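The structure under discussion appears below in the form of structure tokens.
Note that the structure is a prediction, hence the values are computed from the model and not measured.
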Amino acid sequence: MGKPVFFILASLFIPMLTHAQLDVATYNKERHQLVNYHADSDGNLVSMTITDDDMTTIMLNVDGTAQSVVNSLATLEFEYEDTGKSMDTKYTVDGQQLARCVYHLDEDVDFKKFKQEYQMYNRELNRLENLDKFLSQGGAQLVNDLVNHTINLLNTPIKACYEALTHNPYEEGKTTIVNADNLASIVSGISSVEEVMNDYTVGLIFERYNEWTADWASDVYKWQVRHLQRQKNLNQQVQGWREGIKEKVLRNEITIAEATEKITEIEKKRQSYKKMYAGWGEDVAVDIKEENGEEVVSYSVIKADGRSAEARNAPANGEANKMMDIVRQISEKSKYGRLDHVAITYYTPSNGEEEWSYFLENKKLVLKSHTNYAGPPTDGCDDCKREYPYYRLWIDYSNDVDPNVWGDVQMQLWVSPGGTVLNTYVIDCRGKQSEAGSFPAKTTGNQWFFIEKY
């Protein structure tokens with residue numbers, strides 16, 4: 001990046017050069033691509049958001065490893081073993097979640113090399129001159145290479161969902177830092193391109209945001225954070241138009257080239273992403289339905305009502321897998337006995353109930369029933385809507401093997417749609433076998449629970 005650009009930016013951010021967060025945006029006119037870089041107050045690059053016709057956000061850990069990659073097609077989340085020897089990955093597409101583990105990560109030469117290169121810059125990137133040097137000397141490409149290599153380790157066509165990662169986010173001579181001085185020329189340039197540009201997500205950003213300030217990059221970053229959560233919520237919902245991706249990409253049944261072709265085919269039939277990103281600066285509820293074989297995207301602005309974003313964005317249908325993960329985590333920590341039965345009830349936004357019942361069979365919990373009552377029609381009926389949807393988990397443990405530990409434990413959990421445990425209630429009837437029939441019941445927690453803001 002040239003020095004004139006740097007001094008323009010420096011004049012905007014002098015008060016925060018050392019101890020503040022930093023947001024910088026770049027724009028590539030040829031690709032109509034906006035990239036936002038966000039560094040925390042400790043000088044670590046924590047996110048890179050690439051916006052063109054979609055929005056792809058890369059979240060990074062302090063050591064430069066990828067934490068997550070999210071766009072409107074798929075959500076990838078990575079967790080690393082403390083010793084660095086393995087990586088657990090969860091990826092979600094069309095409401096389907098699969099997991100994969102990469103072992104012997106510490107033996108991958110390229111993975112170690114990318115991390116070492118990145119660590120030459122970390123803890124310094126909240127200074128403009130350092131971030132300028134990082135980007136212009138290949139830092140943006142380094143992040144892309146690291147993420148691409150991490151995804152390649154999974155050996156799955158899921159990479160086909162992240163086309164933005166195939167380009168260098170910063171091209172010398174073609175990429176411009178966006179600031180108050182050059183913004184007008186960028187916007188005028190965008191207005192002169194083909195009409196299709198108006199349907200691009202990045203086109204929406206420039207079109208709607210016509211009152212610019214020195215903190216423009218930070219304002220865009222805040223908007224992107226809100227829409228990142230919306231993307232993740234949409235990826236958790238089952239949507240028919242993603243059927244090809246769910247069946248072909250997640251199940252690893254076709255090559256990357258075939259998966260890409262399938263995605264392209266689906267995308268040609270889709271309505272503009274613009275409608276999914278409507279409501280600049282506002283909270284928006286997005287509803288995707290299929291009518292007469294075609295997808296219909298509608299949205300409405302949500303008035304501030306004191307509810308959390310999690311309550312407003314709660315999915316219409318429940319997610320049993322996420323709740324079973326919580327059950328397993330609780331069971332591993334509590335050691336209450338043998339897990340015999342789990343009942344999950346999701347109290348939906350429409351005042352309906354969705355229930356799953358699992359019972360022990362051949363030493364495994366098996367789903368035996370699943371019912372779904374959608375609830376009454378909610379159109380124009382505020383009393384028919386539940387402001388705070390939540391889950392209730394009923395967990396039964398048995399102790400009938402060890403004579404020194406006998407009796408049952410019943411546990412109830414109340415959980416928010418995002419997975420936060422709101423309340424627990426436990427009845428512990430364990431004792432010695434000789435005392436059977438007169439076990440004392442030790443109770444903890446509150447049996448009656450009234451959902452408040454979560």
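A 4.5 Å side-chain heavy-atom check between Tyr347 and Arg386 finds at least one atom pair inside the cut-off. For the pair Arg100/Met87, no side-chain contact is recorded, criterion being any heavy-atom separation below 4.5 Å from C-beta on. At a threshold of 4.5 Å between non-hydrogen side-chain atoms, the residues Met324 and Ile344 count as touching. A 4.5 Å side-chain heavy-atom check between Ile50 and Leu165 finds at least one atom pair inside the cut-off. With a 4.5 Å cut-off on side-chain heavy atoms, Leu153 and Asp108 count as touching. For the pair Val143 and Ile58, the minimum side-chain heavy-atom distance is below 4.5 Å. Using a 4.5 Å cut-off on side-chain heavy atoms (C-beta onward), Tyr162 and Ile151 make contact. Between Phe78 and Thr150, some side-chain heavy-atom pair lies under the 4.5 Å cut-off.
Asp325 and Gln329 share no side-chain donor-acceptor pair at under 3.5 Å. Under the 3.5 Å distance criterion, with hydrogens and angles disregarded, a donor-acceptor pair is assigned to the side chains of Gln67 and Asn61.
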Going through the distances and angles, do Trp356 and Val342 end up as a side chain to side chain contact (heavy atoms under 4.5 Å, CB included)?
CA-CA 8 Å; Trp356 298 262; Val342 175; over 6 Å; no

Would you sort out whether Asn235 and Thr92 count as a side-chain hydrogen bond (donor to acceptor under 3.5 Å, both in side chains), showing the intermediate values?
CA-CA 6 Å; Asn235 289 336; Thr92 307; over 6 Å; no

The test is side chain to side chain contact (heavy atoms under 4.5 Å, CB included); show your working for Val415 and Thr420 and say whether it passes.
CA-CA 5 Å; Val415 185; Thr420 301; 5.7 Å; no

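Exactly one of Thr51, Thr57, Asp23 qualifies for a side chain to side chain donor-acceptor pair (under 3.5 Å) with Gln224. That residue is Thr51. Residue Val70 is tested with Met59, Met55, Lys232 for a side-chain contact (heavy atoms from CB on, under 4.5 Å); the sole match is Lys232. Tested against Asn28 for a side chain to side chain donor-acceptor pair (under 3.5 Å), the candidates Lys174, His167, Glu171 yield a single pass: Glu171.
Every residue two or more places apart in sequence or in another chain was checked for a salt bridge (charged side-chain N to carboxylate O under 4.0 Å, His left out) with Glu124, and none qualifies.
A salt bridge links Glu117 to Lys113: at least one charged side-chain nitrogen sits closer than 4.0 Å to a carboxylate oxygen. Between Lys115 and Asp106 no salt bridge is recorded (no basic side-chain N to carboxylate O distance below 4.0 Å).
Counting only residues at least two apart or on different chains, the ring-ring contact (aromatic ring centres under 6.0 Å, His included) pairs with a member in residues 37-56 are His38-Tyr221.
The heavy-atom pair separating Asn144 from Ala164 by the smallest distance is ND2-O, 4.1 Å.
Side-chain atoms of Ser334 come within 3.5 Å of backbone atoms of Ile330 as a donor-acceptor pair (strictly under, hydrogens ignored). With Asn152 contributing its side chain and Asn148 its backbone, the two residues share a donor-acceptor pair below 3.5 Å.
Atom NZ of Lys385 is surrounded by more than 12 heavy atoms from other residues, nucleotides or ligands within 6.0 Å. Annotation for Glu81: atom CD counts as buried by contact number, over 12 foreign heavy atoms lying within 6.0 Å.
Under the 30°/60° scheme for interplanar angles, the aromatic rings of Phe134 and Tyr118 are found to stand perpendicular.
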